[in-house]
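All ligand and atom numbering here is 1-based and tracks the order in the structure. If you read the sequence from its start, that first residue is 1, and numbering goes on from there. No experiment lies behind these values; they were computed from the predicted model shown.
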Amino acid sequence: MKQKHILLGVSASISAYKAADLTNELTKRGYAVDVLMTRNATKFITPLTLQSLSKRAVHTDVMAENQPDQINHIDLAKQADLFVVAPATANTIGKLANGIADDMVSTVAMAIRPGTPRMIAPAMNTYMYQNPVNQKNLAYLKEVGYKEIEPREAMLACGDFGRGALATVEMIVKAIETELAENDRSQD
Ligand SMILES: Cc1cc2nc3c(=O)[nH]c(=O)nc-3n(C[C@H](O)[C@H](O)[C@H](O)COP(=O)(O)O)c2cc1C
């Protein structure tokens, strides 16, 4: 079977370090994982870590065009079997819901082709998650085809207890594989 391409967008949540385990797990399962990072995400986890685990280049800059015969963000979106943002910050969710494309994650999101599964795994403080603006943005993303991998209730890094912790790596991998299988079935 053809190797599946997963585009993993990483934004600047305190839980960005968990993207390393997620990248590792998906790569071990045989997926080609192309990691996209926001500029702020690179302050939480280095591209080198994710590059070493995915064994592929990590994309952090829309304007870094290393292959003159292609436009990187379009080419990545074209190859994708699934696009997932994990963790997704309130800021990145807001950008995706409003068509803002000013970093690698939001720019590739805009270029994803119709029919390609899209998923979002929010991670943030409970009050940020419950904020009506964030809830409206998430509702809109779901309306246009994104599946939410819901955050867990937990003691959060900020000291508040509540919903907002990134879903576990196991939950995210399971959600991705379910989505890929459903998409395969719908194309049979
Ligand atoms: C220590 C720290 C932890 C943060 N954790 C989160 C988080 O879990 N979720 C979130 O939405 N924003 C969080 N933020 C705020 C985002 O980093 C900030 O909104 C940033 O602009 C998001 O950038 P990005 O969406 O381009 O990656 C955190 C900021 C700091 C300094």
Check: Ion pair present between R29 and E25, side-chain N to carboxylate O less than 4.0 angstrom?
Finding: yes

Notebook entry, point to check: Do the charged groups of K4 and D184 touch, with an N to O distance under 4.0 Å?
Noted result: yes

Notebook entry, point to check: Of T46, T42, V105, L8, which is the lone residue that meets side-chain contact (heavy atoms from CB on, under 4.5 Å) with M37?
Noted result: T42

Notebook entry, point to check: Under 3.5 Å, is there a donor-acceptor pair between the N66 and N72 side chains?
Noted result: no

Checklist line | Exercise: do Q130 and N134 side chains pair donor with acceptor under 3.5 Å | finding: no

When you check ligand 1 against the protein, what N or O pairs turn up below 3.5 Å? List the atom names and distances, or just say none.
from: ligand 1; atom 1: 5 (N); to: I14; atom 2: N; distance (Å): 3.2
from: ligand 1; atom 1: 8 (O); to: S13; atom 2: OG; distance (Å): 2.8
from: ligand 1; atom 1: 8 (O); to: A123; atom 2: O; distance (Å): 3.3
from: ligand 1; atom 1: 9 (N); to: A123; atom 2: O; distance (Å): 2.7
from: ligand 1; atom 1: 11 (O); to: A90; atom 2: N; distance (Å): 2.8
from: ligand 1; atom 1: 17 (O); to: A12; atom 2: O; distance (Å): 2.7
from: ligand 1; atom 1: 21 (O); to: N40; atom 2: ND2; distance (Å): 3.3
from: ligand 1; atom 1: 23 (O); to: N40; atom 2: ND2; distance (Å): 3.1
from: ligand 1; atom 1: 25 (O); to: T89; atom 2: OG1; distance (Å): 2.6
from: ligand 1; atom 1: 25 (O); to: N91; atom 2: ND2; distance (Å): 3.0
from: ligand 1; atom 1: 25 (O); to: T92; atom 2: OG1; distance (Å): 2.6
from: ligand 1; atom 1: 26 (O); to: N91; atom 2: ND2; distance (Å): 3.3
from: ligand 1; atom 1: 27 (O); to: A12; atom 2: N; distance (Å): 2.8
from: ligand 1; atom 1: 27 (O); to: T38; atom 2: OG1; distance (Å): 2.6

In a table with atom names and distances, give each donor-acceptor pair under 3.5 Å that connects a side chain of residues 106-123 to protein atoms at least two apart or in another chain.
from: S106; atom 1: OG; to: D102; atom 2: N; distance (Å): 3.1
from: S106; atom 1: OG; to: D103; atom 2: N; distance (Å): 3.3
from: S106; atom 1: OG; to: D103; atom 2: OD1; distance (Å): 2.8
from: T107; atom 1: OG1; to: A101; atom 2: O; distance (Å): 3.4
from: T107; atom 1: OG1; to: D103; atom 2: O; distance (Å): 2.6
from: T116; atom 1: OG1; to: R113; atom 2: O; distance (Å): 3.1
from: R118; atom 1: NE; to: T116; atom 2: O; distance (Å): 3.4
from: R118; atom 1: NH2; to: R113; atom 2: O; distance (Å): 3.0

